[in-house]
Amino acid sequence: MSGRERHLDARSPGSRAKEIKHASPVECTGFKEEKQKKKRTKTQEPQKPNHAEKLAVQKTPKEKATKHLTKESNEEQHMPTESTKAKSCSSTARSQKKPPRNPLKTQLELETAIMPETPKELKASQANTKPKASGKAEFQTEETNDEECADKTMEKMPKAKADLDNSVLKSILGNLKIKVKDRADSSKVVNSFKKNLVKYLKKDTISFSEVEEPLCTGSYYENLKISHPDEFDIMLPMPVERVTIEPFGANGAFYTVALKRSSNPLMRFQKNDILPASKILEEFRENVKTFAKGFTEWTMTPKRKGCPAVTLTSQVGSVTISLDVVLCLRVKSSWPSFTKDGLKIEQWLGSKVKQEHKLKPYYLVPKYEGRGNVENDGVQAKDAWRVSFSHIEKDIIKKHGSQKTCCEKRGANCCRKGCLKLLKYLLHLLKESDSTFDKFCSYHAKTTFLHACCSKTKDTDWGESDLSQCFNRLLQDFEKHLRCGELFNFFIPSQNLLSGIGKKLCTQLADAIKEQRENGFPIFREILLIHNEC
DNA sequence: AGGAGCTAATAGAG
DNA sequence: CTCTATTAGCTCCT
């Protein structure tokens with residue numbers, strides 16, 4: 001899927017020296033300045049009852065949301081949220097989005113449109129919090145602090161701001177809900193294609209006859225899709241037993257793969273003890289193309305360089321939905337050694353859960369980094385494979401609670417998913433408003449989120465009513481990663497997902513996020529405002 | 001392989 | 001708000 005396959009990978013091996021330098025703590029100076037600026041505020045509110053929040057929320061614009069969003073996503077088809085992705089976080093040119101509106105004006109309009117209620121709310125919430133908030137400003141001390149950019153300078157929010165943000169954020173989350181009908185329409189079309197494609201590959205192809213049940217990955221299947229069910233990602237696993245993998249490049253994310261002699265139909269691709277990803281992907285693409293000819297409602301989209309997915313689109317009502325089909329190898333043996341220090345979920349989900357995950361297979365997708373013709377030990381980059389743990393990501397996000405009952409019928413709800421959705425959406429909007437942010441992708445958001453879950457491990461760290469505090473904290477995490485240019489792959493800590501992106505660009509994004517955070521998310525408010533007008 | 005029963009997300013009624 | 005219905009996707013069972 002999406003983010004995953006499209007995230008920026010580390011640069012070419014040659015730039016490694018740089019990366020190491022990058023990684024040194026000295027480089028992480030970003031926060032020093034921030035520290036000075038830090039606002040004096042109170043500690044994060046521990047689990048407050050809901051009344052204040054309720055007050056705020058009732059007043060916010062609700063309905064009608066969909067209209068605008070729908071239209072918006074239509075306009076963007078060529079740049080599907082995560083899918084543009086394909087080019088993925090690569091810097092390929094894409095349709096120019098409307099320039100950002102004048103922020104000042106917008107802010108003003110918003111002030112008048114949304115604020116009328118606020119004095120009341122403020123009073124109410126202040127009254128509510130009086131007893132608790134009375135203490136002097138202090139900063140929460142964090143227990144676990146193994147983070148890359150070890151520096152804990154969280155800005156805590158005044159309760160009043162938190163309440164305001166809460167109402168905006170909740171409204172936005174309301175708008176991002178997927179309509180039942182949209183979901184039904186899309187899934188009908190996608191599921192039928194999926195089923196028949198697998199049937200076809202099994203019956204009518206030689207190389208892919210052993211393909212197994214598709215893995216549904218990506219936002220939609222993680223219930224993280226924002227605003228529209230218009231992007232679907234499936235991985236079609238080819239079981240391979242007994243493979244030899246060799247790291248390709250230094251970061252441990254890419255490998256060359258060789259089948260040990262076996263009857264696997266992919267064996268016929270193997271040359272010089274290398275299973276060439278590009279050749280296999282090419283043939284796979286041809287097969288899908290042939291199949292799709294009989295499925296006239298689906299259109300193939302052109303091959304994109306370095307993208308592991310074969311993408312098809314289909315018009316469902318007024319929406320174009322896209323389906324990414326990714327062929328992958330399923331390897332049922334222990335994970336590559338580069339994953340040894342990854343997946344640090346012991347504190348969060350428990351070591352038993354971790355062990356269970358590590359017993360699962362891992363996947364290899366035909367995705368390379370940088371230019372396809374770069375050679376490494378005589379192998380071209382385009383013939384390398386990248387490891388994928390989409391299935392684990394999906395499972396973790398589904399069972400995200402430290403307590404088993406988190407978000408279940410009889411358990412307390414948390415705001416983890418809400419926070420992640422908001423982060424993805426914010427990134428999406430920022431990218432849309434400024435095309436220099438092209439290189440960032442939703443996988444950066446997801447990875448930031450997973451790391452955040454590992455340092456804030458308790459369900460009570462993500463209380464449902466603390467949405468704005470939690471989201472703010474998550475944003476600050478993201479800013480830190482950006483400012484020090486380090487965001488490590490959650491499974492492969494040696495891969496820095498930001499290493500291919502210029503430091504200046506990272507800082508710019510961090511600044512943009514900070515601005516949103518400090519000003520009550522004007523970019524979200526604008527959306528709500530437009531909604532309200534419809 | 002296919003069905004029963006479960007869950008999460010959404011939507012609507014009271 | 002709570003309660004209930006609906007649906008897609010998932011899991012487990014035979």
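Lettering follows sequence order; numbering is per chain, from 1. None of the values given here were measured: they were computed from a predicted structure. Any value given below was found using the heavy atoms of this structure, including those in side chains, with hydrogens, waters and symmetry copies removed.
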Whole angstroms only, please: what is the [atom1]-[atom2] distance between [X] and [N]?
| X | N | atom1 | atom2 | result |
| --- | --- | --- | --- | --- |
| K177(A) | dA8(C) | NZ | P | 18 Å |
| K195(A) | dC10(C) | NZ | P | 16 Å |
| F232(A) | dG9(C) | CZ | C1' | 12 Å |
| D182(A) | dT7(C) | CG | P | 15 Å |
| Y221(A) | dT11(C) | OH | P | 14 Å |
| K194(A) | dA8(C) | NZ | P | 12 Å |
| K225(A) | dA8(C) | NZ | P | 18 Å |
| L173(A) | dT10(B) | CG | C1' | 14 Å |

Is any side-chain N of the basic residue among R517(A) and D165(A) closer than 4.0 Å to the acidic one's carboxylate O?
-> no
Are D461(A) and R473(A) within salt-bridge range, i.e. N to O under 4.0 Å?
->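 No.
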When all nucleic acid strands are considered with a 4.0 Å heavy-atom cut-off, which category describes K399(A): base, sugar-phosphate, or nothing?
-> nothing
side-chain contact (heavy atoms from CB on, under 4.5 Å) test vs C328(A) passes for just one of V387(A), T217(A), V365(A), namely V365(A)
Any chance you could list the contact pattern along nucleotides 1-8 of chain B? Use B for base contacts, S for sugar-phosphate-only contacts and - for none, protein heavy atoms under 4.0 Å, 5' to 3'.
-> ------SS
Is the backbone of E297(A) close enough, under 3.5 Å, to the side chain of S314(A) for a donor and an acceptor to pair up by distance?
->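 Answer holds: yes.
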Spell out, as yes or no, whether a donor-acceptor pair under 3.5 Å connects the side chain of W348(A) to the backbone of H400(A).
-> yes
Mind checking what makes ring-ring contact (aromatic ring centres under 6.0 Å, His included) contact with Y255(A), not counting sequence neighbours?
->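 If we apply the ring-ring contact (aromatic ring centres under 6.0 Å, His included) test to Y255(A), skipping adjacent residues, there are no hits.
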Test applied, salt bridge (charged side-chain N to carboxylate O under 4.0 Å, His left out); reference residue, E393(A); option that passes from K360(A), K399(A), K398(A), K446(A) = K446(A)
When you check the phosphate oxygens OP1 and OP2 of dG9(C), does a side-chain N or O of Y220(A) lie under 4.0 Å from one of them?
->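 It does, given that an N or O in the side chain of Y220(A) lies less than 4.0 Å from OP1 or OP2 of dG9(C).
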Where the side chain of S187(A) is concerned, which of dT10(B), dG9(C), dC10(C) is the nearest nucleotide?
-> dG9(C)
